[in-house]
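Report on the following structure.
Within every chain, numbering begins at 1; the chains are lettered A, B, ... in the order of the sequence lines, protein sequences first and strands thereafter. Just so you know, these numbers come straight off a predicted model, no measurement behind them.
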Amino acid sequence: MIATPLRHALLALALLTSPAASLAAPASGEGAVRTVEIVAHRFEFTPGEITLEVGQRARLRLSSQDVTHGFYMKALGIDATIEPGRVTEVEVTPAAPGRYTVICDHYCGSGHGGMKMTIVVR
Amino acid sequence: MANEIDRRTFLRVAGLSLGAGALYQVAPALAGGLADGEGGDVAEAQRRANGEAVTPFTFVQLSDTHVGFSGPPNPTGTRAFERAVELVNRLERPPELVLFTGDLTHDSDQPGEPEARLRRFQEIAGRLKVTERHVVPGEHDAAADGGVRFRGVFGPTSYAFDHRGVHFVALDNVSRARPEVGPELRAWLRRDLARFSPTTPIVLFTHRPLFDLKPEWEWFTADGDEVMRILAPFENVTVLYGHIHREDRHDLGHARHLAARSLIFAFPDPVTAAEKVPARFDPARPFHGLGLRLLERGAAAGGRLDAREVELTLRERSGTEGFAQLLRPTSL
Ligand SMILES: [Cu+2]
């Protein structure tokens, strides 16, 4: 509950900083985007933890080995559905350091409630 | 005076936590400090504004019984649920309604087992000596098949009814793949509420919180904000939910969210705990942290009428005394 206004602030920051970051570093362009592959399967994400840099744009390439999964972390502005058979891409530019827990928010079976991974932002 | 009264609905909720569980007593009063005769005016004004006067009654919220669950956090299975039913049946003032806020059963991939668990739930809930039982599903009841089996047993998972001047809404936020109510049900809710005056007391019961309590533990409803906006014109809204297996209170404008304890195992405090891990089973206090909620709607007369906003006060005593206290009806 305490964290809610903070999350909103972070989200607002993320929205504000994304265009600012691309304006500030036009030379680096697409080359500056880091790509991370994440695979979902009942009831895990692999890898279980990734590390991103504050202010650096990252592209997460999400795929599923079995059923439809979700990929949700509100404070980072991440809300995706991972369907099997295709890659879902999500871009994120973290605004503040921290440990962010991403959950599967698409019911995928009886172990669904514990399906999560961590994004560490430095 | 009557006009003033029309605008001023006053609801008091008092919570009481007892023995092996959390037992809440919600005693809303429409008015405080009025002479007897004026109390009748209040009821009459309410009746004119809302179509029906609010008259006192008691109801109970039970949640997260997880019938079929067996594991280290609670090896006693349905025992807490059965004791809660006994407790409700011994209440001095019998409740007129019992509301179940989801996860009546624990999910199972075994063929036939979900149906068997629903039947077992019905068998135990059927021992309640109340005329009206109302249920909403939790994700453990409904997410696997979109609520098909649940509706087969209980009928629609979102519905509304009126009871003694209070409008009750059951809202399903678990049958879709994601934690959400969805646009169709939100439209239904908007239509359902359209005929009520802003002073009508609303009790909405659902499984998940309609706000971001702890999204990383899936303690949220993705479109909860939109649901709360639909409820915003109403001056007197109480949202009862389960899912989090612990007591919680959260105020949002005119609405108060109250979470009920579970009847299977407790989850830790989301503010201080690093992980959503069930509380460890304590054989000395097998039902520690479990419980139910008793809600009482009080008399219209006999108090002071000076609040525009909903006022809910919650008194709690965390119970550790065990069943001896729980089973003393007078301690309510
Ligand atoms: Cu999943």
Close contacts, residues 113-122 of chain A versus chain B, judged by heavy atoms under 4.5 Å: A:G113, A:K116
Count the heavy-atom pairs under 4.5 Å between each of A:T81, A:I103, A:V102, A:T68 and chain B, then report the option with the highest count. A:I103
Which answer fits A:C104, side chain, backbone, both or neither, if we ask what part of it has an atom under 4.5 Å from a heavy atom of chain B? backbone
Mind checking the CZ-OH spacing from B:R178 to A:Y72? Nearest 0.5 Å is all I need. 7.0 Å
Could you have a look at A:T101, A:D79, A:D105 and say which one has the most heavy-atom pairs with chain B under 4.5 angstrom? A:D105
Quick one: pull up CD in B:E216 and CZ in A:R99 and give me the separation to the nearest 0.5 Å. 12.0 Å
Interface residues of residues 82-89 of chain A facing chain B - heavy atom cut-off under 4.5 Å: none
Heavy-atom contacts under 4.5 Å, residues 143-152 of chain B to chain A: B:A143, B:A144
side-chain hydrogen bond (donor to acceptor under 3.5 Å, both in side chains) between A:H112 and B:E139, intermediate numbers included: CA-CA 10 Å; A:H112 160 76; B:E139 80 280 8; over 6 Å; no
List in chain and number order the residues that pass side-chain contact (heavy atoms from CB on, under 4.5 Å) with B:D107, two or more places apart in sequence or in another chain; answer none if no residue qualifies. A:Y107, A:S110, B:H140
What part of B:E275 is in contact with chain A, defined as an atom under 4.5 angstrom from a non-hydrogen atom: side chain, backbone, both or neither? side chain
